[in-house]
Amino acid sequence: MNYSKEIDKKWQEKWKKEDLYKFEENSQKKKCYTLEMFSYPSGAKLHLGHWFNYGPSDSFARYKRMKGYNVFQPMGFDAFGLPAENYAIKTGIHPEDSTRKNIETMKRQLEEMGGSFDWEHTVETCMPDYYKWTQWIFTKLYEAGLAYKKEAPVNWCDSCKTVLANEQVIDCKCERCGSVVQRKKLAQWFFKITDYAEELIQKLDELDWPESTKKVQINWIGKSYGSEIKFVGENGNFEFNVFTTRPDTVNGVTYVVIAPESKLVQQITTKEQKEAVDKYIQETLKLNEIDRLSTEREKTGVFTGAYAINPINDQKVPIWIADYVLEDYGTGAVMAVPAHDERDYKFATKYNLPIVEVVKSKDGKETKLPFTEYGILVNSGKYDGLSSDEAKVKITEDLAKREKGKSTVNYRLKDWLISRQRYWGAPIPIIYCDKCGTVAVPEKNLPVLLPYDVEFRPDGVSPLKKSKEFMECKCPKCGGKATREADTLDTFVCSSWYQFRYPDAKNKEKAFDKEIVNKMLPVDVYIGGKEHAAMHLIYARFMTKALRDLGYLDFDEPFKRLVHQGLILGPDGNKMSKSKGNTVAPEEYIEKYGSDGFRMYLMFGFDYKKGGPWDEKGIESIAKYFSRVEKLIETAVEEIKSSNSKNAEIGAKEKDLLRVKNQTIKSMGEDIEEFQFNTAIARAMEFLNKMNEYVKERDNINKEVFIDCVETYIKLLAPLAPHFAEEQWEKLGHTTSVHKEEWPEINEKQMNGGFKEIPVQVNGKLKLCVTVEADSTPEEILNAIKSNEKVQEIFKTYNVKKEIYVPGKIYNLVAEK
RNA sequence: GCCGAUGUGGCGGAAUUGGUAGACGCACUGGACUCAAAAUCCAGCGGGAAACCAUGUGGGUUCGAGUCCCACCAUCGGUACCA
């Protein structure tokens, strides 16, 4: 193989000089905005995962360019976040310094990859010229009532005096010091994403996204229809609502359960029960949500000593607390119907609570409790005999008349908590003034700069709070003394709108120009991992809708088409991580096989959408393949140079070759369009094998057909191996870039020439194949099959009962011996 | 736990979406070239002597199932402060 790293360098320099990948702003061509999820500069270098994400998707962008699109493919960095801060705490290196350095390295490596990115349009979320506008968006959402403050629990490590990310909590313990983590409430900022819950579900219909991702989002939002029912304390001194999807079973309620952290608990708990309740609450604070909601874990609870009245039958029912009820889902309280709910049944059995059956099976059969299906009501007074569906409506109606209930829609989706008690993020642009209250920082005072000299080591206080110079400020309204919000924004806020900034990345006056964003968005193809299915991809959709409603853009959805690349695991089949010691460094492969060799192997050796464990065994195959292509080019160059015009006829061999050529153009195009790079390369290899077979008898080839096939071949290879193809293109005598060429056209007539095989089966089992001319009619094919000697033999040896002929595809006989 | 995927030769992976299972490669075996080796080229390559048996396991639908249905098993991703 002659191809090497030096060839990469040669072409990278040339491309840069010629500005080959600059987006043409005023082009008449149709735009294609292809976007890869930007990277987080946590490590010092590009890792294998970056290569797997960005290499193949760059090939996709290159393909689109050859197909005549004005491709916009920018790249940037999601630069704020926890890992840089943790690294800083550990090493003392300031997050800004480490991040800046990492970005520089990664940028250089992305160029070495041959990524056709337009670096004129880039974003770095940690730069003031970017986060100024993140902050501005926050203030606009705040002014529109979409940002608000309320109390919410955080993971608190009392020995480190710091808030922990879920990731830092291992087995309910602090990852650093091992002490038990408690849930502690803090006042925090939220975005009202729940306002958009309905649209976030509805608009999924219009998107070209994987169905599985749509499902994840639908379930994440978790819409359910049901009723809210009001329970009043037995003395009328308190009341609360429960949410239920089964109002038909309300006559079977034998107790109610409220979330342990609910404020109501303190109010209603009796003296006798106080000690037990408090102890239970303390235990609950140690648990995370996954444990609390697990149906595997045995349910626990404590009686509060208080009672409430069931509004449907005025019965007195005990009020319990249990950790499986969450304060922020539904109303934070549930009615328990042990006869018709698994969990309630187990709970009631454990604590000896009564079980009252109120729904029987429709077919009158004896029902085994708990009976969770719909049926016919019993033991329900005037509702007896109604079906569950009828009863749901009737009971809710009756309760509504007495203002004891209403039908509602409940969403599992919670508002988006955007406050972080951390240093390395965009400061929340809010000022607290004794006189004017909470004030958003006006645009002219933005950005609120993140100060460099701050003590970010954890000691119980938000890092920014420790910077006097940051905290003290003037109220923009009254000019009086005021203080700043010390929390920073969740990095997901920064990444929820970057797709709008890219096309107008240098705008100093605005976050983005409305006309430009309307022209360039939505993103035509968005590429990234499916781990973002629920969070980032919902946040970005929410942000689009919020900005639309505020008048800053005119479309509903940010990403028209979505493709998930798979994950490359370590050679041991586990997720790559430094701690597991199973990481694979791309450098040595690039050194040996060149950027294209590595990129091609990533595309050929794995299913792009699936990923899989790293295995270097196959990488040699690409080097061998490149050698074979180089050999073919040598042959072609010799042919071009030689003056003798050989066979000019187009015979059967030429027809066969041209058929393969056109089929290859077609299937490679379709495969790249679908991100099936492995099969695209397989098709390319087949075409190469075919050409090699053709030129075996050098004296007997049609020069024109052969050269045409070779030139086509290099064009087909150009998006997949950009440096390598450019080099071969030059060898063929071209002085302009192959990346300026168009994707070859398909000649339908040439493609459908030749022969094909029709399988003949008996009882679905293959017996033989009959070769027919590909362009004959289905009837002609059937005749050819039936007149085949071996097929006639089958008719003789078997008792044929039925013939099944799928025109042009298969011929099957149902038969006995 | 819940939600979403995935499971095909020794390995990576194909399969026109219900129609020839194993494309294209890797590894391996044999041959050619060579003093020899490497490289390269040629041939073979799921199991079985064959009938046949084979797409995680067990059922089902169908003329026909890797593909559709039901029940299980295993692995992976997400689970709201990793991004």
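Chain naming here is simple, since letters A, B, ... match the order of the sequence lines and numbering starts at 1 in each.
Between A:Phe626 and A:Phe724, the ring planes lie parallel to each other; the angle is under 30°, not in the 30° to 60° tilted range. Below 30°, between 30° and 60°, or above 60°: for A:Phe606 and A:Trp614 the angle between ring planes is below 30°, a parallel geometry.
For the C1' atoms, the distance linking B:C24 with B:C70 amounts to 36 Å, nearest Å. Of the P atoms belonging to B:U40 and B:C76, the separation is 38 Å, rounded to the nearest Å. Comparing B:G18 with B:G44, their P atoms sit 33 Å apart, to the nearest whole Å. With both ends at atom P, the span from B:C28 to B:G77 equals 32 Å, rounded to whole Å. A gap of 15 Å separates the P atoms of B:G22 and B:A14, to the nearest Å.
Salt-bridge check for A:Lys631 with A:Glu634: failed, with every basic side-chain N at 4.0 Å or more from each acidic carboxylate O. Taking a cutoff of 4.0 Å between a charged side-chain nitrogen and a carboxylate oxygen, A:Arg292 and A:Glu261 qualify as a salt bridge. With respect to A:Glu686 and A:Lys690, no salt bridge is recorded, no charged nitrogen being found less than 4.0 Å from a carboxylate O.
The ring-ring contact (aromatic ring centres under 6.0 Å, His included) test applied to A:Tyr625 returns no partner, not counting sequence neighbours.
Among the atoms of the strands shown, base atoms are found under 4.0 Å from some heavy atom of A:Gln188. Residue A:Val163 is classed as a base contact, given a heavy-atom separation below 4.0 Å to a base. Heavy atoms of A:Glu531 sit under 4.0 angstrom from at least one base atom. Contacts of A:Arg412 with the nucleic acid, taken as non-hydrogen atoms under 4.0 Å apart, include base atoms. Among the heavy atoms of the strands, none lies under 4.0 Å from A:Trp416. Residue A:Leu82 is classed as a sugar-phosphate contact, given heavy-atom separations below 4.0 Å to backbone atoms only.
Proximity of A:Asn678 to the phosphate of B:G25: no side-chain N or O atom is located under 4.0 Å from OP1 or OP2. Look at A:Lys809 and you won't find any side-chain N or O under 4.0 angstrom from OP1 or OP2 of B:G64.
Around NZ of A:Lys192, the count of heavy atoms belonging to other residues, nucleotides or ligands within 6.0 Å does not exceed 12. Heavy-atom contacts from other residues, nucleotides or ligands closer than 6.0 Å to NZ of A:Lys609 number more than 12.
Both tests do not hold together for A:Arg541 against A:Trp220: distance to the six-membered ring centre under 6.0 Å, angle to the ring axis within 45°.
When the nucleotides B:G25, B:A5, B:C82 are ranked by their closest atom to the side chain of A:Ser621, B:G25 comes out on top. Looking at the side chain of A:Gln421, the nearest of the listed nucleotides B:C81, B:A23, B:A83 is B:C81. Of the candidate nucleotides B:C26, B:G7, B:A80, B:A80 has the atom nearest to the side chain of A:Trp220. Comparing B:A80, B:G25, B:A5 by their closest approach to the side chain of A:Lys215 singles out B:A5. Which of B:G25, B:C52, B:C82 sits closest to the side chain of A:Asn689 comes down to B:G25. Closest to the side chain of A:Lys530, out of B:A5, B:A21, B:A83, is B:A5. Counting only heavy atoms from C-beta on, A:Gln761 has its side chain closest to B:A21 among B:A21, B:G78, B:C82.
Counting atom types as modelled, A:Asn812 pairs a side-chain N or O with a base atom of B:C63 as donor and acceptor under 3.5 Å. Put simply, the side chain of A:Arg683 and the base of B:C24 share no donor and acceptor less than 3.5 Å apart.
Across the protein-nucleic acid pair, A:Phe492 atom CZ and B:U79 atom P stand 8 Å apart, rounded to whole Å. Going from atom CE of A:Met691 over to atom C1' of B:C24 covers 15 Å, rounded to whole Å.
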For RNA chain B, the dot-bracket notation using Watson-Crick and G-U wobble pairs below 3.5 Å, [ ] for pseudoknot-type crossings and | for other-strand pairs, is (((((((..(((......[....))).(((((.......))))).((....))..(((((..]....))))))))))))....
